[in-house]
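Here is the structure we will look at, set down as structure tokens.
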There are 2 protein chains.
Amino acid sequence: MDKKEHELKIIIDPTSGIPYYRQIILQIEMAVADGRMKVGKQLPTVRGLAVDLQVNPNTVVRAYRELEFRGLVTTQHGTGSFISDIEMNMSDVERAQVLSQLVRGFVSQISSYGFTVEDIITYLTDYQEEIGL
Amino acid sequence: MDKKEHELKIIIDPTSGIPYYRQIILQIEMAVADGRMKVGKQLPTVRGLAVDLQVNPNTVVRAYRELEFRGLVTTQHGTGSFISDIEMNMSDVERAQVLSQLVRGFVSQISSYGFTVEDIITYLTDYQEEIGL
DNA sequence: GTATGTGTACTAGTGTCTTAGTACACTGGT
DNA sequence: ACCAGTGTACTAAGACACTAGTACACATAC
């Protein structure tokens, strides 16, 4: 490919109240989730993106580092950052902890809307059949 | 009712890294979501809980205030704090839509961590057994 | 080895979050 | 009116989150 490696357009909204580094993370996650960014593709360079967004390089680094920690991105000193092959290199224990955190957070959230654990289970089982099997 | 009004047992883990007030919120939300706390039931008093948890009253207040803001709890100066009747004056259709949005959003979130709907269902059913029910 | 492009480390300022100390105000029963 | 129980307001200290400034280190091509 001699085309531009990363057409990924990241923009940040200084008025949103969401930290810059987190806005970067979110947009990269989205790009991966919806297929715009594929495995092996290079992300914008730290400096390049920093200049684009008029932000400190460290802010970009912070975003990339968190993505790397999650296994979504691989960084190579001197070379660049790339979308990595997402292998869930988590132990079962870690997996269980993460799931617990996620689910409990969600349960709390839905209680604010007046829903119950029972409601979710019902919905999910229905949902499973629906997308079915 | 002359029985104890709030058998709700709240505990906080100082080592978890989760703010005290947030741990309180989470546990109350969970209790509501899973049915241990029902509408009208009194929450532990601000001072009582503060003493129990060896925490400043303001920390408890902060938790209750956020819950009140969300409509989950009603507090009455001088009287106490209670689980409020969450009327979302929503039609069944709206309710279903909201639940659908919430759950689907959550499902896409957990998929990015490699979890499945099955994982959630399993976790939730286990959880329900665990708390008695 | 030099140049240029890449990521990294160290430091520090600013603001926000979290919690506590303390004193005040409301409610209901006596 | 009083009292004991309840929530509330004001203040401030400490920890942490976020961002920036600046200098350093690695990778690759020439």
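Proteins come first, then strands; the chains are lettered A, B, ... in the order of their sequence lines, and each starts at number 1.
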Measure from CG on A/Asp52 to C1' on C/dT6 and round the result to the nearest Å.
16 Å

Provide, to the nearest angstrom, the distance between the CD atom belonging to B/Gln23 and the C1' atom belonging to C/dT18.
12 Å

Quick one: do the A/Glu118 and B/Gln128 side chains pair a donor with an acceptor below 3.5 Å?
yes

Is there side-chain contact between A/Val60 and A/Tyr20, with at least one heavy-atom pair below 4.5 Å?
no

Looking only at side-chain N and O atoms, does A/Gln42 offer a donor or acceptor that is under 3.5 Å from a partner on A/Ser81?
no

Do the side-chain N and O atoms of A/Arg104 and B/Tyr123 include a donor-acceptor pair separated by under 3.5 angstrom?
yes

Sidechain N-carboxylate O distance under 4.0 Å for B/Arg62, B/Glu66
no

Degree of bending in the helix from C/dG1-D/dC30 to C/dT30-D/dA1 once both end axes are built from five pairs, to 10°
20°

Identify each atom pair where a protein N or O and an N or O of nucleotides 19-21 of chain C are less than 3.5 Å apart, giving names and distance.
{"from": "C/dT19", "atom 1": "OP1", "to": "B/Tyr20", "atom 2": "N", "distance (Å)": "2.3"}
{"from": "C/dT19", "atom 1": "OP2", "to": "B/Tyr20", "atom 2": "N", "distance (Å)": "3.4"}
{"from": "C/dT19", "atom 1": "OP2", "to": "B/Tyr21", "atom 2": "N", "distance (Å)": "3.2"}
{"from": "C/dA20", "atom 1": "OP2", "to": "B/Asn56", "atom 2": "N", "distance (Å)": "2.7"}
{"from": "C/dA20", "atom 1": "OP2", "to": "B/Thr59", "atom 2": "OG1", "distance (Å)": "3.0"}
{"from": "C/dG21", "atom 1": "N7", "to": "B/Asn56", "atom 2": "ND2", "distance (Å)": "3.1"}
{"from": "C/dG21", "atom 1": "O6", "to": "B/Asn58", "atom 2": "ND2", "distance (Å)": "2.1"}

Mind calculating the distance between CZ (A/Phe82) and P (C/dG7) to the nearest angstrom?
8 Å

Can you check whether A/Leu8 reaches A/Arg36 side chain to side chain, under 4.5 Å on heavy atoms?
yes

So, does B/Thr75 get its side chain near the phosphate of D/dT8, meaning an N or O under 4.0 Å from OP1 or OP2?
yes

Rounding to an integer number of Å, can you tell me how far A/Phe69 CZ sits from C/dT8 C1'?
18 Å

Using modelled atom types only, decide if a donor and an acceptor are shared between the side chain of A/Thr59 and the backbone of A/Val55 within a distance under 3.5 Å.
no

Is the closest side-chain heavy-atom distance between B/Leu43 and B/Phe82 below 4.5 Å?
no

Can a donor-acceptor pair be found between the side chains of B/Asn58 and B/Tyr21 at a distance below 3.5 Å?
no

Taking atom types as modelled and ignoring hydrogens, do the side chains of B/Glu68 and B/Thr74 form a donor-acceptor contact shorter than 3.5 angstrom?
no

Are B/Val107 and B/Phe115 close enough, and set up right, to give a side-chain contact (heavy atoms from CB on, under 4.5 Å), and what steps lead you there?
CA-CA 8 Å; B/Val107 168; B/Phe115 293 111; over 6 Å; no

Under 3.5 Å, which N/O atoms of the protein pair with N/O atoms of nucleotides 24-30 of chain C?
{"from": "C/dA25", "atom 1": "N3", "to": "B/His77", "atom 2": "NE2", "distance (Å)": "3.0"}

Rounded to the Å, how far apart are A/Arg65 CZ and C/dG7 P?
12 Å

Rounded to the nearest Å, what distance is computed from the CD atom of residue B/Glu66 to the C1' atom of nucleotide C/dC17?
12 Å

